[in-house]
Amino acid sequence: MALIVQKYGGTSVGDAERIKRVAERVVGAADSGQRICIVVSAMGHTTDELMELASQITPEPFGRELDMLLTAGERISMALLTMAINELGRRAISFTGSQAGIVTDTTHGRARIVDVRARRVLEALEAGNIVIVAGFQGVSTEFDITTLGRGGSDTTAVALAAALHADACEIYTDVEGVFTADPRLVPEARKLHAVSYEEMLELSASGAKVLMLRSVEYARNYKVLTHVRSSFSDNEGTWVREEDERMERAIISAVAHDTSEAKVSILGVPDRPGIASHVFRPLADEGVNIDMIVQNVAADGRTDISFTLPKEDLRRAEPVLDQVRGRVGARGVETDPDIAKVSLVGAGMKTHPGVAADMFDALADAGINIDIISTSSIRVSCVVRANEVAGAVRAIHEKFHLAEEAVIREAHPATVTGQLRALNPEGTAPGGGL
Ligand code: ADP
Ligand code: ASP
Ligand code: MG
């Protein structure tokens, strides 16, 4: 009998009516003969509201207590959904993350799953229950309650799917799948039929919060077939899966944007060996996640180093930066929170020159200045001003004709000329670049 893990996000369980609708969908799936394990998020904006409540008590709550508070959100929705399923005459049972055997490390607020001891969930499924698990939470190796970071219910679902050897993990959310850009920003964005784990990793790392990055890492590592789809319709969504060499692939898959990072510049750093290590080692030791780094050309034996980091890591980074400035003899440190990152992702980039150049053209034509650039083999990212990011996403989406399915698809292995013409309908040769 097939075993499916389904995860329902906050909007999908936003009120009692929606919870009842989810219960009907779950019972429908169970009636069709599948074994069903459900993972739920907290209702609507509950997690934000609980965080706000904590901030009214103290600006810096202990991680342990904040986690204890936040996990209450998912407990509420798991119990209500279980009641709704029972009400429809089906046997269901709810488990907290801890009861479901989600074991994590001890890092409160962004714990990593180290083990899933799924025996209790399996036994409950085998006894004929629909099992409902609270997402976003686990129990640490020190027996404290932990949370997995924002969006963490996705990771609970994929990790459970891996541990249960489920046939698929369905992520039910408030959009129809993974789109060529955030559909809230680009209404003409197109739903993708499938994306590879690698592309989804780059998209999630670049701010497409439809799947939490860690969940995609998990899906790739354990080859979990993941289906992102809407809880408000029966339409097929987007499959996140292994790349199949025979399948049709897009040169470019999607544009992502991220407004959650800030830029730090260390000014007037002496230009000598070892400086970068003096700057970044202490930040790494403090657990600060550095993303893009640029070092400007030296003048007078001094240089500026700029990098981006999550805004939420700034408070932890500031005292470290202060010490670093003194130690390396820099002239100063500047922090700029008003930045955003726009990224273009596509597996076909590896074999197609000119993609980066076309992206820079799109930004230039829109009059948008680029501050920092970074690339991987299947991604180009640019830092721009925060207030220009929506325009940047739209300009790039338009430039690569991402709303139009037919134009950008290639058969693999490719004959290149046709696709390049497709990317450049005016017939101009694409420039160098990536
Ligand atoms: P949930 O509460 O179901 O976990 P999230 O808010 O975490 O939902 O993720 C879904 C949201 O992700 C969508 O509402 C959409 O605004 C956003 N999003 C960003 N980029 C994309 C994309 N490329 N495709 C689809 N959704 C995206
Ligand atoms: N409720 C948590 C959050 O809002 C986890 C999740 O929804 O995935 O981040
Ligand atoms: Mg989410």
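Predicted, not measured: the structure shown is a model, and the values here were computed from it. Just the heavy atoms: all of them, side chains too, but no hydrogens, waters or symmetry mates, feed the values below. For ligands, and for the atoms within them, numbers begin at 1 and follow the listed sequence.
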Hey, is ligand 2 close enough to K7 that some N/O pair sits below 3.5 Å? no

State whether the shortest distance between N or O atoms of G151 and N or O atoms of ligand 2 falls below 3.5 angstrom. yes

Applying the side chain to side chain contact (heavy atoms under 4.5 Å, CB included) criterion to L309, which one of T335, N289, L314 satisfies it? L314

Do other residues, nucleotides or ligands put more than 12 heavy atoms under 6.0 Å from [X] [atom1]?
| X | atom1 | value |
| --- | --- | --- |
| E188 | CD | yes |
| R316 | CZ | yes |
| R90 | CZ | yes |
| E398 | CD | no |

Side chains of [X] and [Y]: is there a donor and an acceptor less than 3.5 Å apart?
| X | Y | answer |
| --- | --- | --- |
| T71 | Q137 | no |
| E142 | T106 | no |
| T147 | D67 | yes |

Does any part of the side chain of N235, heavy atoms only, come nearer than 4.5 Å to the side chain of R229, both counted from C-beta? no

Which segment of [X] sits under 4.0 Å of ligand 1 when only heavy atoms are counted:
| X | result |
| --- | --- |
| V175 | side chain |
| R184 | side chain |
| P183 | side chain |
| E176 | neither |

Please say whether T11 places an N or O atom under 3.5 Å from an N or O atom belonging to ligand 1. no

As an exercise, identify every atom of ligand 1 less than 4.0 angstrom from a heavy atom of [X].
| X | answer |
| --- | --- |
| G10 | 2 (O) |
| V178 | 24 (N) |
| G177 | 24 (N), 25 (C) |

Quick one: nearest non-hydrogen protein atom to [atom], plus distance?
| atom | result |
| --- | --- |
| atom 21 (C) of ligand 1 | D182 CA, 3.7 Å |
| atom 7 (O) of ligand 1 | K209 O, 3.6 Å |
| atom 13 (C) of ligand 1 | D174 OD1, 3.5 Å |
| atom 23 (N) of ligand 1 | F179 O, 3.1 Å |
| atom 8 (O) of ligand 1 | T173 OG1, 3.1 Å |

Could you tell me whether M212 approaches ligand 2 through its side chain, its backbone, both or neither, with non-hydrogen atoms closer than 4.0 Å? neither

Taking the six-membered ring for Trp, are H227 and W239 parallel (under 30°), tilted (30 to 60°) or perpendicular (over 60°)? parallel

Atom indices of ligand 2 within 4.0 angstrom of S41 heavy atoms, with elements: 6 (C), 7 (O), 8 (O)

Could you list the atoms of ligand 2 found under 4.0 angstrom from a heavy atom of R150? 3 (C), 4 (O), 9 (O)

Any heavy atom of H45 sitting closer than 4.0 Å to ligand 2? no

Please state whether G152 comes within less than 4.0 angstrom of ligand 2, counting heavy atoms only. yes

Rounded to the nearest 0.5 angstrom, the OG1-CZ distance for T180 and F400 is 13.0 Å

Starting at CZ of R21, measure out to OH of Y8 and round the result to the nearest 0.5 Å. 12.0 Å

Does A181 have a non-hydrogen atom less than 4.0 Å from ligand 1? yes

State if K7 counts as touching ligand 1 under the rule of any non-hydrogen atom under 4.0 Å. yes

Tell me which one of D291, D258, T259, D371 satisfies side chain to side chain donor-acceptor pair (under 3.5 Å) with K341. D291

